Novice: 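Below you will find the structure I want to go over with you.
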Amino acid sequence: MKVLLIGSGGREHALAWKLAQSPLMEEFYAAPGNPGIAEHATLADINIDDHAAVVAFCKDKAIDFVVVGPEAPLVAGIADALRDAGIAVFGPSAGAAQLEGSKGFTKDICARYNIPTGAYQRFNNAPKAKAYVRAEGAPIVIKADGLAAGKGVTVAMTVDEALAAIDDCFEGAFGDAGAEVVVEAFLDGEEASFFCLSDGKTALALATAQDHKRVGDGDTGPNTGGMGAYSPAPVMTDEMVSRTMKEIIEPTIKGMAESGYPFSGIFFAGLMITDKGPELIEYNVRFGDPECQVLLMRLKSDLLPLLYACSNGTLDQVTADWSDDVALTVVMASKGYPGSYDKGTPIASLPAAGSDGKVFHAGTALKDGRLVATGGRVLNVTATGKTVAEAQAKAYALVDRVEWDNGFCRRDIGWRAIAREQG
Ligand code: AMP
Ligand code: GLY
């Protein structure tokens, strides 16, 4: 099979590493890619925002299958353009990607199909949103409707904080994404991420993970794209997984199909495990970053046929085998992230790939033949172990072998699960 991978982050490096191992792979390209991805695929210099250019590249190289990593091209309709050109693609249509692209859309699907989630209302002006907040009281959650790079959500512990967040949204702090606001009940519990493939009819559960969104140790400081993750998430017991499938995923597949948006691709369900059971916080329509890295370290099966089955309606004919080991990844970021940071700082040395783990590249580039950091999140240092504590110790041993003066990381990834292991 001739495959094109779209994206350039740590998630896509992990996808490239795993897809390249497939015996079915004949030719492998990635756009725009990064130096880590370049170890597994030929980088193609195409503008991924230009869908006609992506389709033309696929025709030229006789690409059979396109795997889309990030959400923005999906929400912009890249999968539709490829399918219209007769090219198979992993990832939902723009219509189905509204599950991530519009929080209000998702809440309406939840309401119509009885999917457990926080009670909510949608607003297109500040006075009505504020009146609702005053009536409901705090804690309460304010969300910009559209894609806001993970920054459009305020968990307000006071009414004043909620009112200020409403003003921020309508005053344009999140651009067009904030033109509509969802106000949602606060859910109390432990968060977990659940990943599940779908071909529009069938679901195939993959695995669970937990992210660390705050920049600082002990879950302090501002939110980020994710500073580290591990899989599996102990809070997702077999019972919670089967309830999530039955109460959340299966009704979503049905609801999306009935609404005219059959969903093919991956559901990344952000869950709150409350006293009542799993409740949906949000859907993403792509692998998590860095959750993908830990998932794929544990996947024993060939990834390529699993993703391809989503595109041609044959997901009921494949299965996924998982290692029982724990995988844990530590994100190394440029000092200053998630605020401003220097770009182009040199990464003097990385540990060689080996059985100790794997360093995935996110925001890196080659400049005059030398590796430099170009992004906020730059490296994902990943290891496996029999326990979270063992995987953590191995990952940090690897972190300590990275020579990058401008890098930093949290030193406590996995703390919640380790506390649980130590009982
Ligand atoms: P989201 O972008 O929707 O994932 O929200 C970002 C983060 O805000 C989530 O990971 C949760 O930690 C928190 N959050 C979102 N919605 C709620 C809610 N209804 N109750 C409590 N926390 C929430
Ligand atoms: N790590 C969270 C995300 O990918 O959205």
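Sequential numbering from 1 along the given sequence is applied to the chain's residues. Both counts, for ligands and for their atoms, begin at 1 and track the order of listing. What you see is a predicted model; the values in this text were computed from it and never measured.
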Novice: Could you tell me the separation between the CG atom of Asp145 and the CG atom of Asn124, rounded to the nearest 0.5 Å?
Specialist: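 Output value for this atom pair is 10.5 Å.
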Novice: So, does Ser259 use its side chain to make a donor-acceptor pair with the main chain of Tyr261 at under 3.5 Å?
Specialist: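 Not a single qualifying donor-acceptor pair exists.
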Novice: For atom 17 (C) of ligand 1, which candidate among Asp211, Asp219, Val141 provides the closest heavy atom?
Specialist: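 Nearest option to atom 17 (C) of ligand 1, by heavy atoms: Val141.
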Novice: Tell me, please, whether Tyr132 has Lys128 positioned over its six-membered ring: NZ or CZ under 6.0 Å from the ring centre and within 45 degrees of its axis?
Specialist: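 The answer is no, since Lys128 fails at least one limit relative to Tyr132.
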Novice: Using a strict cut-off of 4.0 Å, indicate which atoms of ligand 1 neighbour a heavy atom of Lys143.
Specialist: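 Listed by number with element, the hits are 3 (O), 15 (C), 16 (N).
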Novice: Closer than 4.0 angstrom: is that true for some heavy atom of Gly152 and an atom of ligand 1?
Specialist: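 So Gly152 does not count as touching ligand 1.
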Novice: Between Val155 and ligand 1, which part of the residue brings a heavy atom under 4.0 Å of the ligand: side chain, backbone, both or neither?
Specialist: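 The answer is the side chain of Val155.
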Novice: Under the rule for side-chain hydrogen bond (donor to acceptor under 3.5 Å, both in side chains), what residues qualify as partners of Lys107, not counting sequence neighbours?
Specialist: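 For Lys107 the side-chain hydrogen bond (donor to acceptor under 3.5 Å, both in side chains) partners, ignoring immediate neighbours, are Thr117, Glu184.
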Novice: Is a donor from one side chain sitting under 3.5 angstrom from an acceptor on the other, for Ser22 and Asp302?
Specialist: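 Result is yes, a qualifying pair exists.
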Novice: For ligand 1, which atoms, with element, lie under 4.0 Å from some heavy atom of Lys103?
Specialist: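 Near Lys103, the atoms of ligand 1 are 2 (O), 3 (O).
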Novice: Starting from the C-alpha separation in whole Å, work towards a yes-or-no answer on side chain to side chain donor-acceptor pair (under 3.5 Å) for Thr382 and Gln293.
Specialist: CA-CA 8 Å; Thr382 314; Gln293 291 80 315; over 6 Å; no
Novice: Could you tell me, for ligand 2, which of its N or O atoms are under 3.5 Å from any protein N or O, listing the pairs and their distances rounded to 0.1 Å?
Specialist:
residue  : atom  : partner : partner atom : Å
ligand 2 : 1 (N) : Asp211  : OD2          : 2.9
ligand 2 : 1 (N) : Gly225  : O            : 3.0
ligand 2 : 1 (N) : Asp289  : O            : 3.0
ligand 2 : 1 (N) : Glu291  : OE1          : 2.9
ligand 2 : 1 (N) : Glu291  : OE2          : 3.2
ligand 2 : 4 (O) : Arg286  : NH1          : 2.8
ligand 2 : 4 (O) : Asp289  : N            : 2.9
ligand 2 : 5 (O) : Arg286  : NH1          : 3.2
ligand 2 : 5 (O) : Arg286  : NH2          : 3.1

Novice: Are Lys130 and Asp167 ion-paired here, with the side-chain N under 4.0 Å from a carboxylate O?
Specialist: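 Yes.
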